[in-house]
Amino acid sequence: MPPNVMAQRELQLSLPGSAAVTPTTAAPAPATGTTGMATPMATEEREGPAEVAAGVRGVAAGVVAGLNEPQADAVAYTSGPLLVFAGAGSGKTRVITYRVANLVARERVPPYRILAVTFTNKAAQEMSHRLRDMLGDAARDVWVGTFHATCAKLLRRHGTAVGVASNFVIYDSSDQKSVMTRVLRELELDERRYPPRMVLGRVHKEKQEGRRPEQMNIDSYMDEAIQKAYRKYQEALQAAAALDFEDLILRTLDLCESKTPEAAAVLRKFSYVLVDEFQDTNATQYALLRALSSQTNNLCVVGDDDQSIYRWRGADVRNIRGFRSDYPNARVVKLEQNYRSTQTIVAAALGIIARSSTREPKELWTSNAEGDPIISLGTSDERDEAAHVVAGIHDARASGISMSDIAVFYRVHAQSRVLEEALRAANLPYQIVGGTKFYERAEIKDALSYLRLLVNPASDVDMLRIINSPPRGIGQTTVERLASLASSRGEPIFETLGAMDAMEPQSQASGKPLFQASAKKRLGQLQVLLRNLKEASSTLLPHELFDRVIAQTGYRAALEADDSSENEARLENLAELRGSIEDYGVEAEARGESPTIQGFLERVSLQSDTDDMNETERVTLMTVHGAKGLEFQVVFLTGMEEDMFPYRGMNDSQGMDREQLDEERRLAYVAVTRARSKLIVTHASARQIFGTTRWSSASRFLSDIPPELIEERMTPQARGASAGGRYIDGSSRARGNIPTGRFEHPQSLGPVSPPPRAPARPTPPPGERYVDDAFFDDSGEEGEVLRRGSKVLHVRFGEGEVRKVLDLGEPAVVAYFPGWGEMKVLARFLKAR
DNA sequence: GATTGTGAGGTTTTT
DNA sequence: CCTCACAATC
């Protein structure tokens with residue numbers, strides 16, 4: 001993870017402090033709304049060194065020093081609900097950590113009674129580290145973790161009160177999908193009308209909004225089918241002692257509401273609850289937070305509605321926007337000073353977000369230097385783009401910027417490949433965050449399934465996964481019969497397997513034995529194998545168990561048997577998995593816990609690849625989503641084209657709705673605000689994506705940035721493409737004022753060339769209009785909007801339909817004209833129909 | 001029962 | 001472009 005330079009910068013100011021702010025704990029919460037505390041700044045207030053709790057490294061006094069006024073306010077306000085709007089780069093994490101430190105060191109709140117919740121492990125880790133720096137050992141007892149990890153922890157301890165087995169396993173999305181597939185089959189629902197993905201999506205949505213099957217709104221036959229599937233899916237999970245991600249939250253909420261002694265204990269547990277990225281919470285998560293803080297109402301939520309980018313995942317930005325009405329006496333603090341970025345970058349970000357249709361009013365500002373202009377680079381295609389990103393990285397390095405302080409962002413992972421190739425060819429070290437996940441590889445999933453099955457034999461998904469892996473002669477027919485036998489007996493497959501010896505199951509139809517002798521024998525062997533491993537699992541260390549599993553199951557042997565390069569890679573992956581099990585063991589012991597397989601598995605299922613970024617000297621490639629919460633000196637924001645960003649799916653039809661567009665806009669805002677001093681945005685006129693070529697114009701978000709902040713450029717290739725391209729209408733591409741500068745790192749730039757200018761357009765004849773560049777317009781209300789599907793009229797080709805919109809320095813399209821085919825035409829030669 | 005091939009479908013972002 | 005599901009074949 002890149003170092004938080006802002007923090008470093010500020011800590012220099014803050015640490016000498018023996019100054020402290022008068023605790024404002026007792027102050028009544030004024031209803032004045034925003035930042036209105038008149039608390040003097042730390043530097044103006046003198047106190048003797050504050051008493052320091054044992055084990056706390058003298059930070060109590062410094063806790064509030066070095067914070068600006070609203071920050072200090074948020075840290076010091078400790079009695080009741082608190083809502084912090086934290087603009088990008090405004091020192092949000094800092095406020096949370098200082099707040100926790102203040103609670104422990106000054107307010108003497110026992111660390112184990114503080115809960116700080118984040119969304120990503122990455123954020124949780126960073127918070128832990130910072131707390132450790134401030135509080136030392138006391139930090140260990142603060143509950144810091146993601147929603148999911150926190151819930152898992154609570155459920156392991158107390159879940160039995162609401163019927164959650166303490167050895168539950170967590171099903172990831174592919175596990176979930178296979179459960180759902182089986183459910184849908186059992187319900188005999190048509191796979192085309194009810195794709196598992198879709199049904200699962202609907203079920204998740206219900207769960208995210210806290211609705212059980214019986215609470216669903218049923219408006220159609222399909223809803224009814226989904227309701228059935230939802231029920232059955234939950235039954236299947238319950239039978240397998242498995243939880244999906246939503247269940248982790250929902251069942252913890254159940255626990256809280258259960259009126260059991262365990263519930264009482266959990267509800268009493270935390271006297272302070274803090275949440276980071278509150279704008280990303282869904283209804284269930286919010287309900288859980290409310291429950292966990294219900295005894296004291298000391299709920300502190302920190303977030304930024306402008307950075308709400310997970311609506312698709314159930315996040316409800318109304319949680320943060322409506323917090324004040326849920327907690328009318330909440331103190332509201334707005335952190336509006338940005339410490340991260342240049343004025344130029346902040347202004348650009350504001351230009352983008354300003355057009356969002358709904359926002360909590362706030363003014364982000366900075367006292368940082370103006371900085372360099374943003375470079376907007378037009379490229380011909382994704383390869384050209386990648387080549388110039390590489391060139392830009394070289395330039396940045398030449399000006400002394402560390403590789404780990406450079407990032408390349410893209411909207412979707414699919415864009416990473418070309419960039420990756422270019423970086424590799426240029427010998428630039430890089431790391432890709434996210435994407436194809438290690439833990440999704442087949443061999444890893446197989447190995448983990450064995451381990452999970454040993455912890456929780458009821459987990460049918462795992463059983464079905466490994467039953468014939470490595471191949472042991474148990475075929476589809478046998479598996480199906482076994483599974484249906486188990487389900488008719490109402491027990492997990494593992495149990496049925498164990499009972500095989502004692503019974504002679506017969507087919508109901510024919511009365512013949514259900515299993516052939518050979519099949520039965522093989523099932524018996526598997527049963528013995530698993531039983532032996534299970535016995536061993538209680539005595540062996542996790543990595544030893546792993547070794548035994550891949551040895552005794554024949555998994556390793558099967559891979560070694562044929563030494564293809566794929567199998568070699570698989571063996572390496574398994575070795576890597578073993579390594580991470582060992583690492584886990586070491587860490588667990590360091591924490592004074594004894595390592596267990598269950599502990600390891602939990603870590604795995606709640607961890608994403610995004611989490612382990614290291615600080616080595618490498619350029620970071622990631623999606624914009626992955627970038628949230630991070631910052632880099634230099635940021636390349638690629639693929640800034642209409643259709644890519646804002647991203648539109650494949651469905652060729654209509655555009656996106658306002659809400660989607662707003663979310664894309666916020667995403668763009670997040671992307672831009674990651675940059676500290678340099679932002680280079682790139683767009684390509686043509687892009688190969690998902691196997692087809694897409695032509696598009698520059699993103700509307702670029703035109704929302706005040707033009708004076710941007711320096712427009714084109715790569716030679718892009719210029720060549722537009723200058724050399726001949727059009728059927730014979731239009732000349734020759735135009736004046738095309739900048740000719742090489743692409744270099746902004747800091748080493750010469751004089752800025754003026755942006756390319758479209759040639760003056762002739763006045764349209766009376767009664768005619770020219771279709772023009774109004775397709776940058778969000779609202780579609782002014783001007784003529786030219787987009788896919790628009791009907792156009794050309795003087796020679798007649799009526800046509802727009803297939804692609806492109807930016808060739810001026811608006812142009814690929815349009816289909818019956819009798820002519822697809823033609824590339826400048827928009828100014830077209831009339832709208 | 002296993003292996004291989006073909007086709008179709010879907011393609012965002014993540015705990 | 002990729003994955004997955006299913007069919008045909010050994």
Side-chain angles (χ1 to χ4, degrees), chain A residues 117-124 145-152 170-174 176-178 181 185 191-192 195-198 201 204 207-208 243-249 277 280-282 284-285 308-315 409-418 433-437 439-440 442 468-480 516 518-519 522 558 562 602-611 622-629 639 643-652 656 660 663-664 666-668 670-671 687-694:
Chain A
V117 193
T118 63
F119 271 87
T120 63
N121 293 297
K122 189 169 60 193
T146 63
F147 267 101
H148 301 271
T150 303
C151 289
I170 299 164
Y171 277 179
D172 69 14
S173 44
S174 74
Q176 294 162 24
K177 193 179 155 214
S178 69
T181 306
R185 262 181 214 161
E191 274 179 52
R192 276 198 301 278
R197 252 186 90 87
M198 180 278 277
H204 282 152
K207 292 169 86 167
Q208 283 155 359
L243 302 183
D244 66 14
F245 293 127
E246 266 70 49
D247 283 334
L248 286 170
I249 317 284
E277 309 280 13
D280 289 335
T281 49
N282 62 38
T284 312
Q285 288 162 336
S308 162
I309 58 174
Y310 285 113
R311 196 174 71 103
W312 52 274
R313 197 169 112 180
F409 297 162
Y410 34 81
R411 178 62 181 74
V412 296
H413 277 304
Q415 293 167 258
S416 69
R417 217 167 128 158
V418 181
V433 177
T436 320
K437 294 184 184 84
Y439 291 109
E440 281 172 14
N468 197 33
S469 171
R472 51 171 69 92
I474 300 174
Q476 202 185 340
T477 323
T478 309
V479 173
E480 269 164 24
Q516 289 185 352
S518 62
R522 287 171 181 146
D562 105 75
E602 185 143 311
R603 195 172 84 150
V604 166
S605 33
L606 296 177
Q607 189 174 48
S608 71
D609 289 4
T610 321
D611 298 328
M622 58 170 124
T623 64
V624 178
H625 284 88
K628 190 163 76 148
D643 294 357
M644 257 339 251
F645 202 167
Y647 183 84
R648 290 173 175 100
M650 292 282 88
N651 27 352
D652 244 36
M656 33 182 22
Q660 279 173 305
E663 178 135 324
E664 294 291 316
R666 295 190 295 263
L667 195 52
V670 167
R687 180 179 299 275
Q688 284 254 329
I689 195 88
F690 299 128
T692 52
T693 305
R694 234 185 216 188

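All values below were derived from every heavy atom in this structure, side-chain atoms included, with hydrogens, water molecules and symmetry-related copies excluded. Throughout, a chain's letter reflects where its sequence line sits, starting with A, and its residues are numbered from 1.
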> Do the ring planes of A:His625 and A:Tyr310 sit parallel (below 30°), tilted (30 to 60°) or perpendicular (above 60°)?
Replying inline: tilted

>> Working to the nearest 0.5 angstrom, can you tell me the gap between A:Gln285 CD and A:Ile249 CD1?
In response: 4.5 Å

> So does A:Trp312 reach the base of B:dT12 with its side chain, donor to acceptor, closer than 3.5 Å?
Replying inline: no

> Touch check for A:Arg687, heavy atoms < 4.0 angstrom, all strands: base, sugar-phosphate only, or nothing?
Replying inline: nothing

> Between C:dC6, B:dT15, B:dT12, which one does the side chain of A:Arg411 approach most closely?
Replying inline: B:dT12

> Which part of the nucleic acid, if any, lies within reach of A:Arg197 when heavy atoms closer than 4.0 Å are counted: base, sugar-phosphate only, or nothing?
Replying inline: sugar-phosphate

>> Quick one, A:Ile689 and A:Met644 - any side-chain contact, counting heavy atoms below 4.5 Å?
In response: yes

>> What is the distance, to the nearest angstrom, from the CD1 atom on A:Ile170 to the C1' atom on B:dT15?
In response: 10 Å

>> Could you tell me how far apart A:His204 (NE2) and B:dT14 (P) are, to the nearest whole angstrom?
In response: 16 Å

> Whole-Å distance between B:dT13 C1' and A:Asp643 CG?
Replying inline: 17 Å

> Choosing from C:dC2, C:dA5, B:dT13, which nucleotide comes nearest the side chain of A:Glu191?
Replying inline: C:dA5

>> Measure NZ/A:Lys122 against C1'/B:dT13 and give the value in whole Å, please.
In response: 13 Å

>> In whole Å, measure the gap between the C1' atoms of C:dA5 and B:dT12 for me.
In response: 23 Å

> Just checking A:Phe245: base, sugar-phosphate only, or nothing, at a heavy-atom cut-off of under 4.0 Å?
Replying inline: base

> What distance do A:Thr120 atom OG1 and A:His148 atom NE2 have between them, rounded to the nearest 0.5 Å?
Replying inline: 11.0 Å

> How close or far is atom P of B:dG10 from atom NZ of A:Lys177, stated in whole angstroms?
Replying inline: 10 Å

> To the nearest angstrom, how far is A:Gln176 atom CD from B:dT15 atom P?
Replying inline: 13 Å

>> What is the separation between atom NZ on A:Lys207 and atom C1' on B:dT14, rounded to the nearest whole Å?
In response: 16 Å

>> Could you tell me if A:Thr693 and A:Gln688 have a donor-acceptor pair between their side chains, going purely by distance under 3.5 Å?
In response: yes

> Pick one: which of A:Arg648, A:Arg411, A:Arg694, A:Arg687 meets side chain to side chain donor-acceptor pair (under 3.5 Å) with A:Asp643?
Replying inline: A:Arg648

>> In whole Å, I'd like the distance from the CD1 atom of A:Ile309 to the P atom of B:dT13.
In response: 12 Å

> What distance do A:Gln176 atom CD and A:Asp244 atom CG have between them, rounded to the nearest 0.5 Å?
Replying inline: 4.5 Å

Nucleotide N/O of nucleotides 1-3 of chain B paired with protein N/O under 3.5 Å:
residue: B:dG1; atom: OP1; partner: A:Thr478; partner atom: OG1; Å: 2.9
residue: B:dG1; atom: OP2; partner: A:Thr477; partner atom: OG1; Å: 3.2
residue: B:dA2; atom: OP1; partner: A:Asn468; partner atom: ND2; Å: 3.3
residue: B:dA2; atom: OP1; partner: A:Gly473; partner atom: N; Å: 3.2
residue: B:dA2; atom: OP2; partner: A:Asn468; partner atom: ND2; Å: 3.4

> Can you tell me how far the CZ atom of A:Phe645 sits from the CZ atom of A:Phe409, to the nearest 0.5 Å?
Replying inline: 10.5 Å

>> Please classify the nucleic acid contact of A:Phe147 as base, sugar-phosphate, or nothing, using heavy-atom distances under 4.0 Å.
In response: nothing

>> I want to verify a distance call: between B:dT13, B:dT15, B:dT12, whose nearest atom is closest to the A:Tyr310 side chain?
In response: B:dT13

> DNA chain B: A:Pro195 or A:Arg313, which has the more 5' nearest nucleotide?
Replying inline: A:Pro195

>> If the cut-off is 4.0 Å, is A:Ser178 near the phosphate of C:dC4, judged by side-chain N/O to OP1 or OP2?
In response: no

